[in-house]
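Everything below concerns the one structure shown next.
Side chains included, hydrogens not; waters and symmetry mates left out as well; all remaining heavy atoms used.
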Amino acid sequence: MPYAHITGWGMAVPEQVRTNDDLSKMVETNDEWIRARTGIRERRIASEDESSATLGAGAALCALEVANLRAADLDLIIVASSSPEHIFPATASIIQDRIGAINAGAFDILAACTGFIFAVNMAAQSIRSGASKNVLVVGAETLSRFVDWTDRNTCILFGDGAGAFVLQANEERGGVLAEVMHSDGSGGDLLSLPAGGSKLPASLATVQSDLHFIKMDGKSVFRFATRVMARATKETLEKVGLEPEDIDLVIPHQANTRIIEAAARGLKLPMEKFMVNLDRYGNTSTASVPIATVEAFQNGRINPGDTVVMVGFGGGLTWGALVAEWTGPLPSERKVRHGWFLFLARIRSVLLRILRIVEGLLWGRYRRKKK
Ligand code: UT7
């Protein structure tokens, strides 16, 4: 059975920074309260021409660069997002086109902030089953578009950004070794975006009632999160016969420092074993774990041989974890020239669009002639 190695990782965040002081000019809050209750100092906000797909594609290209893999060699793309580009087409399809992954099937999954963990788990299982060899997993968000900037309970928390992993099949032991995924739909109303779907499609009434914004019962979500983070971690470790003290680094969903501290207490591990960067990005939902992973690499906190746990929770309710053994990247021998492939992919995409227009015109003429 092949192992699913994480061979590439990348991130893309908007340039625009919104600090706690900026927020204190918009709602009744202050830097001290936000830092004390959440740990967040600032977050990134997408500009008008940025979206979940553009950020996701940026992160994907960085991950392919690290893996030294051509986009054309991908056979599967899974995008997790709580703020997808549309209901359909899938954000994964848009990213597939943007990066020129011409041989990949692409689809989205929705499990709110746990989405990235679930997506990596599905990618790993697809590789282990032999169905896929090279899989791209992306977590991409522009939650700023769904935040009510007059609601101090939610607007202080979220930020925009994207992160991505490349997973590749390899016979050498390592990579994602075990995973757990859980849901409890009875808590769905604790964190939701009520309108815009088939139950409450967009209407004047839904817009006037602010139903296109994120609604959250913060306290209940907090209690749920503190219960499940340590539990999911232990459950995953048990599957491979490991104990919490065997972990070199935990990369948790970056929602609130107090939630991460509760997980550390539950696992009896020091906070030094946890990667925390939410102070600079806030809660980027599905993007938080891959963004934290990229920064863990940049800071030398993941080394060959390390055992790493990734664990998350979110709306749904959903929660899950995975344990990975890092054997170091397993790059292919020749260096991929991404710029050239990207250029060709763009030309191909434009040609396909032109072909579809020509085909439509010819088909129309044929139908008229037949009449
Ligand atoms: O990916 C999953 C996403 N969601 C989460 O992770 C959310 C989990 N929950 C949390 O992180 C916390 O519940 C919050 C950070 C959202 C809130 O912290 P809290 O300690 O649970 O505060 P609270 O809601 O109990 O509010 C305490 C007080 C209230 O005032 P009173 O009623 O005690 O007078 C709030 O009105 O703080 C007030 N408050 C604020 N004050 C200043 C609430 N938000 C703010 C604010 N600035 N932004």
*Given the rule in the salt bridge (Lys or Arg N to Asp or Glu O under 4.0 Å) test, do Glu179 and Lys239 qualify, once you have shown the distances and angles that lead to the verdict?*
CA-CA 8 Å; Glu179 56 271 318; Lys239 286 191 167 189; 5.7 Å; no
_Set of ring pair (Phe, Tyr, Trp, His ring centres under 6.0 Å) partners for Phe88, sequence neighbours left out_ = none
_Tell me the closest heavy-atom pair linking Gly100 and Ala345, and the distance in Å._
CA-CB, 3.3 Å
*Thr38 side-chain N/O to Ile40 backbone N/O, donor-acceptor pair under 3.5 Å*: yes
*Run through the side-chain heavy atoms of Ile, Leu, Val, Met, Phe, Trp and Tyr, join any pair under 4.5 Å, and report what else lands in Trp363's cluster.*
Tyr366
*Looking just at side-chain N and O atoms, do Asn20 and Arg43 make a donor-acceptor pair shorter than 3.5 Å?*
yes
*Verify, without hydrogens or angle tests, whether Gln208 (side chain) and Ala205 (backbone) share a donor-acceptor contact under 3.5 angstrom.*
no
*Linking Ile, Leu, Val, Met, Phe, Trp and Tyr through side-chain heavy atoms less than 4.5 Å apart, which residues share a cluster with Leu362?*
Val350, Ile354, Val358
*Could you work out the complete set of other residues in the hydrophobic cluster of Phe213, with links drawn between I, L, V, M, F, W and Y side chains under 4.5 Å apart?*
none
*asked:* If we ignore hydrogens and angles and just use 3.5 Å, is the side chain of Thr236 paired with the main-chain N or O of Ala232 as donor and acceptor?
replied: yes
_To the nearest 0.5 Å, what is the distance between OG on Ser83 and CD1 on Ile214?_
8.0 Å
*When you measure from the side chain of Arg346 to the backbone N and O of Arg98, does any donor-acceptor pair fall under 3.5 Å?*
yes
*Identify the heavy atoms of His182 and Val180 that sit nearest to each other, and give their distance.*
NE2-CB, 4.2 Å
_Value rounded to 0.5 Å, distance of CD1 in Ile127 from OH in Tyr3_ = 13.5 Å
*So do Asp246 and Leu237 actually touch side chain to side chain, heavy atoms under 4.5 Å?*
no
*Any side-chain donor near an acceptor of the partner, Glu172 and His5, under 3.5 Å*: no
*Taking Asp306 for the side chain and Asp248 for the main chain, is one N or O donor matched with an acceptor at less than 3.5 Å?*
no
*Would you tell me whether Ser285 and Ser82 have side-chain atoms, one donor and one acceptor, within less than 3.5 Å of each other?*
yes
*Restricting to pairs with a member in residues 138-162, which pass salt bridge (charged side-chain N to carboxylate O under 4.0 Å, His left out), not counting sequence neighbours?*
none
*Would you check if there is a donor-acceptor pair between the side chains of Ser93 and Gln96 at a distance under 3.5 Å?*
no
*Please list, chain by chain and in numerical order, all residues satisfying ring pair (Phe, Tyr, Trp, His ring centres under 6.0 Å) with Phe146, sequence neighbours excluded.*
none
*Is it the case that Ser81 and Thr286 place a side-chain donor and acceptor less than 3.5 Å from each other?*
no
*Sequence neighbours excluded, which residues qualify as side chain to side chain donor-acceptor pair (under 3.5 Å) partners of Thr233?*
none
*Side-chain heavy atoms of Thr206 within contact of Ser203, under 4.5 Å*: yes
*So with a 6.0 Å cut-off around CD of Glu171, is the heavy-atom count from everything else above 12?*
yes
*Hey, could you give me the CD/CE distance between Gln298 and Met11, rounded to the nearest 0.5 Å?*
6.5 Å
*Hey, does Leu55 have a side-chain heavy atom less than 4.5 Å from the side chain of Thr142?*
yes
*Just by modelled atom types, is the Pro14 backbone N or O under 3.5 Å from a matching donor or acceptor in the Arg44 side chain?*
yes
*Who else is in the cluster with Ile347 when I, L, V, M, F, W and Y are joined by side-chain contacts under 4.5 Å?*
Trp340, Phe343, Leu344, Leu351
*salt bridge (Lys or Arg N to Asp or Glu O under 4.0 Å) assessment of Arg353 paired with Glu359*: CA-CA 10 Å; Arg353 279 162 218 253; Glu359 188 187 38; over 6 Å; no
*asked:* Can you confirm whether Thr293 sits close enough to Ile302 that some side-chain heavy atom of one is under 4.5 Å from a side-chain heavy atom of the other?
replied: yes
_Pair Glu85, Ser51: side-chain N/O donor-acceptor within cut-off below 3.5 Å_ = yes
_With rounding to the nearest 0.5 angstrom, report the CG to CG distance, Asp31 to Leu23._
10.0 Å
*Side chains of Ser183 and Leu317: does their closest heavy-atom pair fall under 4.5 Å?*
no
_Does any part of the side chain of Arg18, heavy atoms only, come nearer than 4.5 Å to the side chain of Met26, both counted from C-beta?_
yes
*Sole residue of Phe313, Tyr281, Phe274 in ring pair (Phe, Tyr, Trp, His ring centres under 6.0 Å) with His253*: Phe313
_Qualifying residue for side chain to side chain contact (heavy atoms under 4.5 Å, CB included) with Leu167, from Leu76, Val176, Thr7, Ile78_ = Val176
*Rounded distance [0.5 Å steps], CD1 in Ile291 versus CD1 in Ile251*: 12.5 Å
_Does either side chain, that of Ser349 or that of Asp97, offer a donor lying less than 3.5 Å from an acceptor on the other one?_
yes
*Counting N and O atoms only, with roles assigned by atom type, does the side chain of Asn30 sit under 3.5 Å from a partner on the main chain of Ser24, one being a donor and the other an acceptor?*
no
If you look only at distance, which donor and acceptor atoms sit under 3.5 Å apart when one is on a side chain in residues 115-122 and the other is two or more places apart or in another chain?
from: Asn121; atom 1: ND2; to: Ile117; atom 2: O; distance (Å): 3.3

*Nearest heavy-atom pair of Arg41 and Arg35: which atoms, and what distance?*
CG-CD, 3.4 Å
*Do Lys268 and Pro244 come close enough that some side-chain heavy atom pair is under 4.5 Å?*
no
*Considering non-hydrogen atoms only, spot the tightest contact between Gly196 and His212 and give its length.*
N-CE1, 3.7 Å
*Please identify each residue that fulfils side chain to side chain donor-acceptor pair (under 3.5 Å) with Thr114, with sequence neighbours left out.*
Thr318
*asked:* If you compare all heavy atoms of Ala60 against all heavy atoms of Ile95, which two are closest, and at what distance to 0.1 Å?
replied: CB-CG2, 4.5 Å
*Do Val309 and Leu322 come close enough that some side-chain heavy atom pair is under 4.5 Å?*
no
*asked:* Minimum heavy-atom separation for Pro89 and His86, please, with both atom names.
replied: CD-CD2, 3.8 Å
*Kindly say whether Arg301 contributes a backbone atom to a donor-acceptor pair with the side chain of Asn299 at under 3.5 angstrom?*
no
Could you give the side-chain donor-acceptor pairs of residues 131-140 under 3.5 Å, partners two or more places apart or in another chain?
from: Ser132; atom 1: OG; to: Ser126; atom 2: OG; distance (Å): 2.5
from: Asn134; atom 1: OD1; to: Gln168; atom 2: NE2; distance (Å): 3.1
from: Asn134; atom 1: ND2; to: Asp73; atom 2: O; distance (Å): 2.9

*Do Arg173 and Glu325 pass the salt bridge (Lys or Arg N to Asp or Glu O under 4.0 Å) test, and can you show the C-alpha distance, the side-chain angles, and the key distance before you say yes or no?*
CA-CA 8 Å; Arg173 186 193 144 85; Glu325 202 177 274; 3.2 Å; yes
*asked:* Suppose we screen for ring pair (Phe, Tyr, Trp, His ring centres under 6.0 Å). Which residues come up paired with Phe224, at least two apart in sequence or across chains?
replied: Trp319
*Would you say the side chains of Thr19 and Asp21 form a donor-acceptor pair under 3.5 Å?*
no
*Would you say Glu28 has more than 12 foreign heavy atoms packed within less than 6.0 Å of its CD?*
no
*What's the spacing between Leu190 CG and Met216 CE if we round to 0.5 Å?*
10.0 Å
